[in-house]
There are 4 protein chains.
Amino acid sequence: MSRVRARPEEWSVLMRASRTAATTRGSKTVSRVERKREERVARILDATADELGSKGLSRFSLEDVAERLDVTKGSLYHYFPSREELVMAGIETLARRIMVELNAAVEGSEESATVRLRRLLTRQLDVVVWDYPASIELFTLRDPADVEGKVKAVRAGHDALFRGLVDEGLASGEFHLTSTAASLECMYSSINMSPLWIERDNPTRARQQIQELIDTLLMLVGVVPA
Amino acid sequence: MSRVRARPEEWSVLMRASRTAATTRGSKTVSRVERKREERVARILDATADELGSKGLSRFSLEDVAERLDVTKGSLYHYFPSREELVMAGIETLARRIMVELNAAVEGSEESATVRLRRLLTRQLDVVVWDYPASIELFTLRDPADVEGKVKAVRAGHDALFRGLVDEGLASGEFHLTSTAASLECMYSSINMSPLWIERDNPTRARQQIQELIDTLLMLVGVVPA
Amino acid sequence: MSRVRARPEEWSVLMRASRTAATTRGSKTVSRVERKREERVARILDATADELGSKGLSRFSLEDVAERLDVTKGSLYHYFPSREELVMAGIETLARRIMVELNAAVEGSEESATVRLRRLLTRQLDVVVWDYPASIELFTLRDPADVEGKVKAVRAGHDALFRGLVDEGLASGEFHLTSTAASLECMYSSINMSPLWIERDNPTRARQQIQELIDTLLMLVGVVPA
Amino acid sequence: MSRVRARPEEWSVLMRASRTAATTRGSKTVSRVERKREERVARILDATADELGSKGLSRFSLEDVAERLDVTKGSLYHYFPSREELVMAGIETLARRIMVELNAAVEGSEESATVRLRRLLTRQLDVVVWDYPASIELFTLRDPADVEGKVKAVRAGHDALFRGLVDEGLASGEFHLTSTAASLECMYSSINMSPLWIERDNPTRARQQIQELIDTLLMLVGVVPA
DNA sequence: TATGAATGAGAGTTCATTCAT
DNA sequence: GATGAATGAACTCTCATTCAT
């Protein structure tokens with residue numbers, strides 16, 4: 001029913017299931033029904049994010065998501081009005097997953113910017129290399145204007161985290177660079193494309209490559225390896 | 001500097017094909033027929049490379065190539081057994097075009113590795129940003145095993161050029177780094193993804209961003225901006 | 001003029017249903033429940049008739065009706081076993097609305113048949129052109145045998161009204177024609193299709209066209225314009 | 001191949017097969033190939049027109065046309081870029097068929113406008129009642145803007161024929177009316193909707209009804225039956 | 001060789017209908 | 001009774017691929 005279908009803007013809210021549940025604690029039946037719905041939306045988004053992260057956008061299809069969930073394609077249209085909306089929400093989910101990881105890596109820390117940036121990079125590379133090797137495509141494909149907009153928004157949130165740390169390092173004199181923007185973009189590019197050359201088949205080798213990559217990325221903010 | 005120029009063995013079959021054609025110009029009927037065929041193949045590859053470079057792989061279609069050449073789709077199957085083979089050869093052509101540009105940027109020079117690397121980066125960024133903004137997609141897509149193999153080969157040829165220069169700089173003491181491989185991969189990633197954030201619509205701004213990017217990329221080999 | 005007003009027997013089952021409800025108002029629980037049900041049915045039919053009249057049958061969807069009523073599609077199936085049944089009842093409702101208007105246009109009048117026919121045409125054209133421009137589609141679509149049957153029934157009721165007036169005019173010598181049936185069918189056709197050529201966007205022009213149309217329609221019963 | 005696919009504007013030309021063949025007599029292979037193509041287009045349009053004429057627009061589907069021709073749906077896309085274009089061309093075909101009939105009914109005649117109009121009406125009713133009882137829907141459904149445009153164009157051609165005759169009758173003093181436009185629209189409406197009430201199942205009765213209808217339609221131009 | 005025709009698999013989308021709760 | 005979920009069939013459209021000529 002379109003009457004009750006969450007509008008796109010609400011999707012991110014829906015994902016914060018705990019909070020939503022808390023605020024609707026008053027009514028019973030509604031919250032139960034809604035919780036059910038949210039669960040299903042969450043399952044769909046999980047499947048979507050997995051598909052996007054592993055196959056990339058160009059090979060993403062409703063059919064695959066439906067099959068993975070063992071429902072018909074039509075069912076997806078109960079929750080998302082079009083493939084594009086689903087993709088956008090899926091990207092957001094994927095991004096949120098990553099952001100949760102990254103926030104955990106830097107929060108509540110009293111250490112130097114260098115140490116924290118190193119930890120942030122480590123965490124992000126772990127996620128990208130091992131969990132979402134195809135996520136690069138999400139930032140890479142252009143076409144659908146709305147998707148591009150969503151990606152931009154996601155990037156902005158992600159960027160804030162890194163930029164904050166880099167600014168800190170600059171303020172404290174730990175970092176030196178020509179252009180913060182350029183250094184950050186190089187970092188992002190290198191991180192996102194790393195699954196293409198890091199040898200995941202050989203975990204030992206891969207871990208070493210990741211270590212070297214981290215050291216190299218730190219050079220982008222003027223931190224020279226010991 | 002032939003020392004750092006990509007070596008012929010790393011180039012493509014087709015590249016060797018044309019050289020072969022040149023050297024066998026003596027023989028009569030066969031060579032004429034073959035030359036005709038090669039010309040057609042070359043035309044197809046040109047069109048394919050253009051399409052790939054500007055649209056990327058995901059939006060690439062046989063239909064568009066055929067239309068651009070004013071032939072039928074069916075005709076393409078006389079020269080390439082499948083879309084995938086055509087794509088692979090097209091990627092190779094695109095890469096070779098770029099390599100020609102890059103070779104020109106470093107050859108016959110007696111200057112320092114830093115100066116030449118800067119020139120190399122400048123040239124590559126010009127090509128990528130202005131001519132082939134979608135080329136990133138070619139290095140990004142995964143699945144078809146053969147395409148991946150071909151991309152790897154192309155990257156190898158490209159890599160030789162950069163690696164030669166970096167090795168020179170290391171030998172001369174101009175460069176400092178943790179891992180040559182990591183530094184190079186970061187460079188490639190940053191170059192390929194740059195069209196996604198450099199503001200091409202605003203050429204003045206874009207040129208400035210490219211300059212900052214080059215300075216930043218040099219930090220990956222331990223060259224600190226003045 | 002009750003003489004020319006459509007007779008109750010020609011009206012619909014549902015019409016009879018409501019009259020039944022009125023007469024059984026004595027009985028308790030059952031009638032209350034039933035009244036509730038009838039109210040809901042009436043609401044559904046109202047919405048359906050609106051949709052049919054404005055969009056026509058081909059663009060009619062259960063979804064739209066449900067949304068308009070702020071209920072689910074499923075709910076509609078409590079009252080109508082299928083889309084087709086709903087449509088049939090909706091057509092009937094629409095027709096009855098129109099009949100109410102038309103009856104009002106001719107009732108309690110002592111004027112000549114010509115004057116009353118003119119008033120009848122005026123009223124009908126007002127309704128069709130301004131309120132239900134898509135109603136033509138309802139009389140036009142064929143296939144589903146049941147719908148066709150229902151449409152026939154509706155047409156019969158409508159026909160009685162016009163035929164009565166025409167018969168009067170013939171009896172009084174005001175009208176002259178070859179075939180009452182043919183003249184009437186031409187009138188109905190011309191009325192129903194008029195929204196397709198009358199320029200509703202330009203109300204002044206439309207009003208003039210309607211006037212000319214009425215004069216022309218009167219020629220079908222041998223009344224020549226002054 | 002889109003390169004050779006006839007653009008919409010050319011379709012009507014393609015249908016005048018004889019003329020086209022005559023003008024391309026110079027080249028052989030081309031004309032043979034093109035003739036083949038035209039034949040196929042003609043077959044598709046025939047099937048389309050039949051479907052449209054018998055089922056109406058709302059129940060028209062590519063699938064049915066393809067099945068009738070025993071080809072796949074995809075094949076239709078070789079000749080028409082979309083359903084809408086096919087429909088438009090089909091409507092045109094249908095209209096042209098009718099126009100051929102109608103032109104034959106009035107051409108080269110020295111008789112009075114009344115006689116010729118009667119013959120024109122007779123012919124048109126024959127076509128509409130017996131051959132294309134569903135054609136009404138084509139003039140009735142609204143939505144797709146382009147289709148509406150095409151229908152308008154078709155109507156214009158058709159209108160010219162009738163209007164010419166009516167103007168003649170007015171000039172000669174045979175006809176009298178209030179508004180030519182209104183009289184004509186009433187005629188068209190009555191003709192198009194006649195299949196809905198004329199009893200085709202009973203041919204004898206139907207023929208009589210048609211005769212009465214013709215007499216009645218002539219009243220719209222002030223011709224009173226004897 | 002090259003062409004145009006044709007195919008068939010698959011994509012996204014819509015919608016009447018069914019059903020467990 | 002009413003809801004929301006789910007379905008399945010139908011539809012338009014795309015595109016790589018095959019094939020007779």
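- D:Ser75 has no side-chain polar atom (N or O) that falls below the 4.0 Å cut-off from OP1 or OP2 of E:dA5.
- Computed from coordinates, the D:Arg32 CZ to E:dA5 C1' distance equals 17 Å when rounded to whole Å.
- Taking the nucleotide of DNA chain F with the nearest heavy atom to each of B:Pro81 and C:Leu76, the more 5' of the two is matched to C:Leu76.
- If you check every strand for non-hydrogen atoms under 4.0 Å, A:Lys36 touches nothing.
- Nearer to the 5' terminus of DNA chain E, by closest-nucleotide assignment, is the contact made by D:Gly74 (compared with the other of D:Gly74 and A:Gly74).
- As rounded to whole Å, 15 Å separates atom C1' of F:dA6 from atom OH of A:Tyr77.
- Paired runs in DNA chain F that reach 3 or more consecutive Watson-Crick or G-U pairs, where each pair keeps both distances under 3.5 Å, cover E:2-21 with F:2-21.
- With F:dC13, E:dA16, E:dT13 as the choices, the nucleotide that has an atom nearest any side-chain atom of D:Leu62 turns out to be F:dC13.
- Listed pair A:Arg37 / F:dA5 meets the phosphate criterion, a side-chain N or O lying under 4.0 Å from OP1 or OP2.
- Checked against F:dA10, F:dT7, E:dT18, the side chain of A:Val71 finds its nearest nucleotide in F:dT7.
- The shortest distance between side-chain heavy atoms of A:Leu76 and A:Leu69 falls below 4.5 Å.
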Inset, instruction - Could you walk me through whether B:Phe60 and B:Val65 pass the side-chain contact (heavy atoms from CB on, under 4.5 Å) test, one step at a time? - result: CA-CA 8 Å; B:Phe60 173 85; B:Val65 173; 3.4 Å; yes
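- Summarising the geometry, the separation between CD on D:Glu84 and P on F:dC13 is reported as 8 Å, rounded to the nearest angstrom.
- Between B:Tyr79 and E:dT1, a side-chain N or O to OP1/OP2 separation shorter than 4.0 Å is absent.
- Straight-line distance from the CZ atom of A:Phe80 to the C1' atom of E:dG12: 16 Å, rounded to whole Å.
- Rounded to the nearest 0.5 angstrom, B:Arg40 CZ and B:Leu45 CG are separated by 14.0 Å.
- The structure places CD of B:Glu34 at 8.5 Å from CZ of B:Arg37, a figure rounded to the nearest 0.5 Å.
- Looking at D:Leu62 and D:Leu86, their side chains come closer than 4.5 Å, going by heavy atoms from C-beta outward.
- Between the CG atom in C:Leu57 and the CD1 atom in C:Ile91 there is a gap of 6.0 Å [rounded to 0.5 Å].
- Phosphate proximity of F:dT7 to A:Thr72: present, with a side-chain N or O under 4.0 Å from OP1 or OP2.
- Note that NZ of A:Lys73 is 11.0 Å distant from CD of A:Glu67, once rounded to the nearest 0.5 Å.
- Considering only the side chain of D:Ser61, F:dC11 comes nearest among F:dC11, F:dG4, E:dA16.
- The distance between atom CG of C:Asp64 and atom P of E:dC15, rounded to the nearest whole Å, is 8 Å.
- A residue-by-residue look at C:Arg83 and B:His78 shows that B:His78 has its nearest nucleotide of DNA chain E further toward the 5' end.
- One finds a side-chain N or O of D:Arg40 lying less than 4.0 angstrom from the OP1 or OP2 phosphate oxygen of E:dA6.
- Rounded to an integer number of Å, the gap from D:Glu67 CD to F:dA10 P is 11 Å.
- What separates CD of C:Glu63 from P of E:dT13 is a distance of 16 Å, to the nearest Å.
- A 4.5 Å side-chain heavy-atom check between B:Ile44 and B:Phe80 finds at least one atom pair inside the cut-off.
- As a whole-Å value, the separation of D:Lys73 NZ from F:dA9 P is 14 Å.
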